[in-house]
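Whatever order the structure lists them in is the order used to number ligands and atoms, beginning at 1.
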Amino acid sequence: MQNILLTGGTGYIAAHTAITLIEQGHNPILLDNFVNSSPKIVPRIAEICGKTPSLIELDILDTQSLTQVMRTHNIHAVIHFAALKAVGESVARPLAYYHNNVVGLLSVLNAMQAAKVAHIVLSSSATVYSEDAKPPFVEDAPLAANSPYGQTKVMMERIINDIAHTDPNLRFAMLRYFNPVGAHPSGLIGEHPNGIPNNLMPYIQQVAIGQRDYLSVWGNDYGTTDGTGERDYIHVMDLADGHVLALAHLLKGEPSFTVNLGSGEPVSVLQLVRTFEMVTGQTIPYKIAPRRAGDVAVLLANPQRAKDLLGFSTKRTTADMCADAWRWQKNNPNGFSS
Ligand code: WQD
């Protein structure tokens with residue numbers, strides 16, 4: 001059993017990963033400032049896996065306290081989830097994004113060095129791939145982001161690569177998520193974005209529950225199967241499995257690595273809507289709207305390296321994603337406050 005520090009620990013992906021870590025016999029310690037999440041998720045995690053993870057309220061920018069936490073909890077590895085992650089918001093608030101995401105990572109790395117923690121798993125994103133890269137993206141494709149959020153992820157990867165190059169004790173796993181969706185099958189935890197959801201699946205969920213009148217489909221004139229944007233959706237529980245496999249690979253003493261976490265299967269906006277309707281029996285009214293600024297036609301992973309290196313491949317289907325997302329939404333119309 002290893003003590004694993006999850007920064008951003010009460011967030012959507014971190015909380016699902018904590019459950020899988022506990023089931024694998026690890027001891028995840030959740031650290032969060034609750035700017036984008038709720039501590040109310042912790043009793044739900046306990047209800048699911050029978051163990052209440054430790055919870056520490058702290059801002060990752062408080063390097064001294066963070067170092068102290070790593071020492072007193074005898075942390076063996078850090079999974080760094082804590083980051084602001086809304087592409088549109090990052091255009092309006094670049095300083096907050098660079099400060100929280102980039103300076104925040106430097107704070108975590110300084111604390112790790114002081115506390116002699118040698119392993120980090122970084123939550124990265126498909127958004128780092130340049131628009132010039134051809135999907136399905138392979139990991140050594142060119143990187144160039146077109147939003148401050150994406151830029152912070154490119155910089156975070158570069159920082160970790162450069163530090164690991166000079167510090168032989170630091171080894172990393174860089175995980176480039178494609179589009180995480182869905183919820184734990186218990187329906188007890190899931191994604192609850194603040195305000196109007198930017199992302200497709202949470203918006204569909206809120207239309208299904210009657211909180212939104214209809215879905216705006218941002219463009220149907222892309223060069224895709226049905227003209228709407230195609231993405232590589234990955235069930236959040238598959239993503240959790242990917243983190244546990246990546247951590248195990250690092251803890252075995254293997255060299256640092258970067259992998260995509262995706263299915264390699266394209267799903268269009270209208271295909272996701274249709275699958276959601278078929279699986280849940282709910283009707284999702286929609287209207288075709290102009291393209292959203294910054295959107296690309298296709299985001300798709302080449303999942304081969306994660307398969308070869310970690311033995312990882314996605315297991316849950318698009319129908320599973322829709323069924324699990326709907327169960328969470330139906331049971332918790334107001335997220336953790338309901
Ligand atoms: C998916 C598709 C939209 C909403 C973003 C970030 C990425 C990652 C995941 C953090 C696109 C269409 C969406 C709607 C729509 N986040 N859409 N109507 O933009 O692929 O990825 O979230 O790491 O970094 O870039 O996800 O869910 O916003 O959009 O038609 O109301 O759905 O045009 O084709 P995206 P998304």
Engineer: Between Glu254 and Arg171, is the closest basic N to carboxylate O distance under 4.0 Å?
Structural biologist: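 No, Arg171 and Glu254 are not salt-bridged.
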
Engineer: For ligand 1, which part of Glu230 has a heavy atom less than 4.0 Å away: the side chain, the backbone, both, or neither?
Structural biologist: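 Answer for Glu230: neither.
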
Engineer: Return yes if a side-chain donor-acceptor contact under 3.5 Å exists between Glu89 and Tyr97, otherwise no.
Structural biologist: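 Yes - a donor-acceptor pair under 3.5 Å links their side chains.
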
Engineer: Out of Tyr222, Trp218, Tyr233, indicate the one that has the non-hydrogen atom closest to atom 2 (C) of ligand 1.
Structural biologist: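 Nearest heavy atom to atom 2 (C) of ligand 1 lies in Tyr233.
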
Engineer: Starting from the C-alpha separation in whole Å, work towards a yes-or-no answer on side-chain hydrogen bond (donor to acceptor under 3.5 Å, both in side chains) for His235 and Asp324.
Structural biologist: CA-CA 9 Å; His235 195 295; Asp324 294 339; 2.7 Å; yes

Engineer: Inspect the contact between Asp308 and Arg305 and indicate whether a charged nitrogen and a carboxylate oxygen are less than 4.0 angstrom apart.
Structural biologist: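 Salt bridge: no.
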
Engineer: Looking at ligand 1, does any of its N/O atoms fall within less than 3.5 Å of an N/O of Lys85?
Structural biologist: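 In this structure, Lys85 places no N or O atom under 3.5 Å from an N or O of ligand 1.
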
Engineer: How close does the nearest protein non-hydrogen atom get to atom 20 (O) of ligand 1, and which residue and atom is it?
Structural biologist: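 It is Arg231 NE, 2.5 Å.
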
Engineer: Heavy-atom distances under 4.0 Å are what count here, so tell me which part of Thr228 touches ligand 1: side chain, backbone, both or neither.
Structural biologist: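 For Thr228, there is no contact with ligand 1 at all, from either part.
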
Engineer: List the closest protein heavy-atom neighbour of atom 33 (O) of ligand 1: residue, atom name, distance to the nearest 0.1 Å.
Structural biologist: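 Going atom by atom, the protein heavy atom closest to atom 33 (O) of ligand 1 ends up being Asp295 OD2, 2.6 Å.
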
Engineer: If you look at every heavy atom in Asn334 and Gln211, which pair is closest and at what distance?
Structural biologist: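 Distance-wise, the nearest heavy atoms are OD1-NE2, 3.8 Å.
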
Engineer: Closer than 4.0 angstrom, basic N to acidic O: yes or no for Asp221 and Arg291?
Structural biologist: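 Yes, this pair counts.
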
Engineer: For ligand 1, note which part of Ser216 has a heavy atom under 4.0 Å away: side chain, backbone, both or neither.
Structural biologist: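 Backbone only.
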
Engineer: Answer with side chain, backbone, both or neither: which part of Leu200 has a heavy atom less than 4.0 angstrom from an atom of ligand 1?
Structural biologist: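 The answer is both, backbone and side chain.
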
Engineer: Is there a donor-acceptor pair closer than 3.5 Å between any side-chain N or O of Asn33 and the backbone N or O of Leu58?
Structural biologist: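 The answer is no, because no donor-acceptor pair under 3.5 Å joins these two groups.
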
Engineer: Tell me the protein heavy atom at minimum distance from atom 7 (C) of ligand 1, and give that distance in Å.
Structural biologist: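 Heavy-atom neighbour on the protein nearest atom 7 (C) of ligand 1: Ser125 OG, 4.1 Å.
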
Engineer: Between the side chains of Asp241 and Arg316, is the shortest nitrogen-to-carboxylate-oxygen separation below 4.0 Å, so that they form an ion pair?
Structural biologist: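 Asp241 and Arg316: salt-bridged.
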
Engineer: Considering only non-hydrogen protein atoms, determine which one is nearest to atom 35 (P) of ligand 1 and report residue, atom name and distance to 0.1 Å.
Structural biologist: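 Going by distance alone, atom 35 (P) of ligand 1 is nearest to Asn179 ND2, 3.5 Å.
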
Engineer: When you measure from atom 29 (O) of ligand 1 to every protein heavy atom, which one gives the shortest distance, and what is it?
Structural biologist: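 For this ligand atom, the closest protein heavy atom is Arg292 NH2, 3.3 Å.
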
Engineer: Which protein heavy atom lies closest to atom 25 (O) of ligand 1, and at what distance to 0.1 Å?
Structural biologist: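 The answer is Val87 CG2, 3.3 Å.
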
Engineer: Taking side chain to side chain contact (heavy atoms under 4.5 Å, CB included) as the criterion, tell me which of Ile79, Thr7, Ile163, Leu105 meets it with Ile120.
Structural biologist: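 Output: one option passes, namely Leu105.
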
Engineer: Just heavy atoms, cut-off under 4.0 Å: does Asn199 contact ligand 1 by side chain, backbone, both, or neither?
Structural biologist: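 Looking at Asn199 and ligand 1, atoms from backbone and side chain both fall under 4.0 Å.
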
Engineer: Under a 4.0 angstrom heavy-atom cut-off, which atoms of ligand 1 come close to Thr127?
Structural biologist: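 Listed by number with element: 24 (O).
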
Engineer: Nearest protein heavy-atom contact for atom 12 (C) of ligand 1: which residue, which atom, what distance?
Structural biologist: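 Atom 12 (C) of ligand 1 sits closest to the protein heavy atom Val269 CG2, 3.7 Å.
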
Engineer: Which part of Tyr149 is near ligand 1, with near meaning a heavy atom under 4.0 Å away: side chain, backbone, both or neither?
Structural biologist: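 Near ligand 1, Tyr149 shows its side chain, while the N, CA, C and O stay back.
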
Engineer: For the backbone of Ser263 and the side chain of Asp232, can you confirm whether one donor and one acceptor N or O come within less than 3.5 Å of each other?
Structural biologist: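 A pair under 3.5 Å: yes.
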
Engineer: State whether the side chain of Asn199 and the backbone N or O of Met201 hold a donor-acceptor pair below 3.5 Å, judged by distance alone.
Structural biologist: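 A pair under 3.5 Å: no.
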
Engineer: Report, in ascending order of atom number, the atoms of ligand 1 lying under 4.0 Å from any heavy atom of Val217.
Structural biologist: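 That gives atoms 30 (O) of ligand 1.
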
